[in-house]
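In what follows, a structure is listed as structure tokens, so that the remarks can point back to it.
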Amino acid sequence: MKKGPPIEELTRHLAECPESFLAEPLQPNGTGTVHVAAVVSDLISMMGGEPLTSRQVKLFSYRSKKNLATDRKRLRMVLVGCWLLYNSSLRELTEPQDALRFLEEELPELASLLPSEQVVIDPERREEFSRLLLRTLDILPEGEGEKEAENRFEALSTIKRDAVVRAAQEAEKRARKLREELARKERERRAASVYSHE
Amino acid sequence: MPLPSIPMSERLFSHFAAEHLKALREHPSAPKYNFESSDLLTEESLQDVKNFARSTVGEPFWQEGSLPQWMPGFLQRVFRQVPYYREFGDVPVDFAAIPTVDRAELAAEIERFIPDDVKPSELTVYFTSGTSGDKLVVPTEASVSSKVLVLLDRLAGFYGRSLPRGAGKVALAAVFCQAETLTYPSLSHYLEGAATLKVNLHPDSWNKAEDRGRYLTELAPEVITGCPHSLSVLSQVAPGLRPSLMVSSAVALSHGLRQELEEQFQCPVVDVYSLTECKFIAADRGQGMALLCPDLYVEIVDEKGRPLTSGERGEIVVTGGRNRCLPLLRYRTGDYAALRFVGGQPYLSDFQGRAPVEIVNSQGSLISNLDIIGALRDFPLVGFSFSQNADRSFLLRFCGDCPPDKLVEVVSLATGLSGSAEKVESWNGKPQQFRTLNEE
């Protein structure tokens, strides 16, 4: 494993994420401001890689209207991922194909679990995000052994996973309760007096 | 099976008001009321309605090209509290990047649009079904209905009138005319104990058909609300009514019918654009559909949800938290218009309650639906549907007291097409409908 910068350098870098990397990805209808594929392509070129192929451009764009929410979270996470990869200490240690693998394969799952701004504003999520990247690139944080780095990453991601599972269970319980309540009120015709036609 | 009755509001009315309510039910000409209802207001929600009347209605509208001042706080609440929007992550800086949502999407998973801070026990429920056929159960907080009274009061104020207040008065009659609907007299806390009626003019809803005119004329409600069809029936069964104001909603009111009703009842008749999801949006006060209250942000968008500029025609999209149980965020109404500002007041112009359908003349060139609407605008029509056949001839189905051959004549003149007209006795749905054979 390669030796990398201390974890604090990366979390600090994330905390300083500029507005432009938190801006709105360009949507299929033309709204939004950032062309995510162009940002990724610039980063890969800067690392000495080839510009993105048209298949790769599609990977870093909205896929369908049906998945708007999923795509938005994924693309926003990719932007923050690009910002982390711009860190000068990391850039020197990273191969372009490894950077692409991180953005393409590792981020969709994380994006489905939490919004991208969390990995900028929440200290624990900053650390988890930094460690996820180092792990994908096969780099050890400065001052840590392999076992210690692995344990620390696992601990952070387990806490998050548990919280996500709990939140999903709570949400499902509430949705069921609301559906039952709406059906009951529908049967009872529970509504305030009507004063007009709609 | 008898319908279940719901309890009166948590707040009690005076003895006199309660006696008045009883008298309205037991009146010798009263309809066969089939329900008990109330405004369901508590001390807190009554205060909410009063605050709406005092501080929201009458506030200036947002400036052309900018968002209302309440928008950032509203977006923060929605993206934090509403599961559907929480899925999108944080609030986009660009408002237009928030995806629009339509009735079908809302109907598919309505519980995900209810904010986390709404207790299930607080919910009340209304229903709606549009021309698209997507039935929607609308979770609603009780105060939304009383906010309609506030907006009606404001409308009446434009004509120097107001809704009466106090026990013993009949402030309003909501007049329906359909085979079946809930009917009841009710008392309003916002109107300090004044009564409101919800009646069905369908003869089956009364002991004797002539009771309809007798009951309503004797009680003399100050304001009458209805739809073009029910108001048209009202003009036949209760010609002696002299309300201060009539309001027509649900579907657009034709110019001809409006004029006829105004002459008949000798009062202003106002066409209101309203949705079950958020109630009154705009009212036609003579210069076009004027937006009524700045708590609903209205924009016009293209097919892809991109905002259009002032004067461009597209779909009407609303945003606002008037109904705390169902905050609407870029909600596509399925209705079409252009938005124009005149002296700080936004108006919806070229309003049409459904997507334009392509009607062609005998040479195959497009004809604007507005030409057909224009040709028919001075007839007292409750509603009409214009269908174009494959051979380009038309069939005009209509409801209203008009000679069919005259209607065929003006439509043929406006379109250059030949066709026929067929009269129907009642009208449900949008008052101006257009179809081509491909759609049938």
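The structure displayed is predicted, hence computed values, not measured ones. Labels below follow one simple rule: chain letters A, B, ... track the order of the sequence lines, proteins then strands, and each chain is numbered from 1.
Heavy-atom pairs under 4.5 Å with chain B peak, among Val194(A), Leu68(A), Leu182(A), at Val194(A). Of the residues considered (Leu152(B), Asp94(B), Thr276(B)), Thr276(B) shows the highest number of contacts with chain A, using heavy-atom pairs under 4.5 Å. Your options are Lys279(B), Arg112(B), Arg86(B), Glu277(B), and the one with the most heavy-atom pairs under 4.5 Å with chain A is Lys279(B). Ranking Arg176(A), Lys73(A), Glu19(A) against chain B, the residue ahead of the rest is Lys73(A), based on heavy-atom pairs under 4.5 Å. Ranking Ser145(B), Ala173(B), Ala174(B) against chain A, the residue ahead of the rest is Ser145(B), based on heavy-atom pairs under 4.5 Å. Between chain A and the options Leu197(B), Ile224(B), Val144(B), Val118(B), heavy-atom pairs under 4.5 Å are most frequent for Val118(B). Interface summary for chain B: among Ser112(A), Ala69(A), Gly30(A), the most heavy-atom pairs under 4.5 angstrom belong to Ala69(A). The greatest number of non-hydrogen atom pairs below 4.5 Å with chain A, out of Asp302(B), Val93(B), Ile114(B), is found for Ile114(B).
Contact annotation for Ser230(B): only side-chain heavy atoms (C-beta onward) come within less than 4.5 Å of a heavy atom of chain A. For chain A, the nearby parts of Pro139(B) are the backbone and the side chain; heavy atoms of each come within less than 4.5 Å. Proximity to chain A is limited to the backbone of Val91(B), based on heavy atoms less than 4.5 angstrom apart. Only the side chain of Tyr184(B) comes within less than 4.5 Å of a heavy atom in chain A; its backbone stays farther off. Within the 4.5 angstrom heavy-atom criterion, no atom of Ala171(A) approaches chain B. Contact of Ser116(A) with chain B is not made at all, since no heavy-atom distance falls under 4.5 Å. For Thr196(B), the part lying near chain A is the side chain, with the backbone staying farther off; criterion is any non-hydrogen pair under 4.5 Å. Residue contact with chain A, scored on non-hydrogen atoms closer than 4.5 Å, is absent for Glu109(B). Of the two parts of Glu181(A), only the side chain, counted from C-beta on, holds a non-hydrogen atom closer than 4.5 Å to a non-hydrogen atom of chain B. Interface remark: Arg76(A) contributes side-chain atoms only to the contact with chain B (heavy atom separation under 4.5 Å). Both the backbone and the side chain of Asp90(B) come within contact range of chain A, each with at least one heavy atom under 4.5 Å from a heavy atom of that chain. With a 4.5 Å cut-off on non-hydrogen atoms, Val148(B) touches chain A through its side chain but not through its backbone.
At most 12 non-hydrogen atoms from other residues, nucleotides or ligands lie less than 6.0 angstrom from NZ of Lys173(A).
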#### Entry: Chi angles and distances behind the salt bridge (charged side-chain N to carboxylate O under 4.0 Å, His left out) call for Arg135(A), Glu150(A)
CA-CA 8 Å; Arg135(A) 205 163 168 262; Glu150(A) 186 59 25; 3.2 Å; yes
### Message
Run Arg63(A) and Arg74(A) through side-chain contact (heavy atoms from CB on, under 4.5 Å) and show every step you take.
### Response
CA-CA 11 Å; Arg63(A) 289 169 190 168; Arg74(A) 179 177 58 83; 3.4 Å; yes
### Message
For a salt bridge (charged side-chain N to carboxylate O under 4.0 Å, His left out) check, start with the C-alpha distance between Arg72(A) and Glu87(B), then their side-chain angles and the critical distance, and finish with the verdict.
### Response
CA-CA 9 Å; Arg72(A) 179 176 188 251; Glu87(B) 272 291 295; over 6 Å; no
### Message
Quick one, Leu137(A) with Leu93(A), criterion side-chain contact (heavy atoms from CB on, under 4.5 Å). Give me CA distance, side-chain angles, the key distance, then yes/no.
### Response
CA-CA 9 Å; Leu137(A) 302 177; Leu93(A) 296 168; over 6 Å; no
### Task
Apply salt bridge (charged side-chain N to carboxylate O under 4.0 Å, His left out) to the pair Glu124(A) and Lys160(A), showing each step before the final yes or no.
CA-CA 9 Å; Glu124(A) 285 202 338; Lys160(A) 180 201 68 205; over 6 Å; no
### Task
Assess whether salt bridge (charged side-chain N to carboxylate O under 4.0 Å, His left out) is satisfied between Arg80(B) and Asp116(B), documenting all intermediate values.
CA-CA 9 Å; Arg80(B) 201 172 48 240; Asp116(B) 290 344; over 6 Å; no
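The backbone N or O of Lys119(B) lies less than 3.5 Å from a partner atom in the side chain of Glu122(B), making a donor-acceptor pair. Distance alone, capped at 3.5 Å, places no donor-acceptor pair between the Asp138(A) side chain and the Met1(A) backbone. Judged by distance alone, with hydrogens and angles left aside, the side-chain atoms of Glu315(B) form a donor-acceptor pair with the main-chain N or O of Gly334(B) at under 3.5 Å.
Between Thr31(A) and Lys304(B), the side chains place no donor N or O within less than 3.5 Å of an acceptor N or O (distance only, hydrogens not considered). Defined by atom type and a distance below 3.5 Å, a donor-acceptor pair is present between the side-chain atoms of Ser45(B) and Thr42(B).
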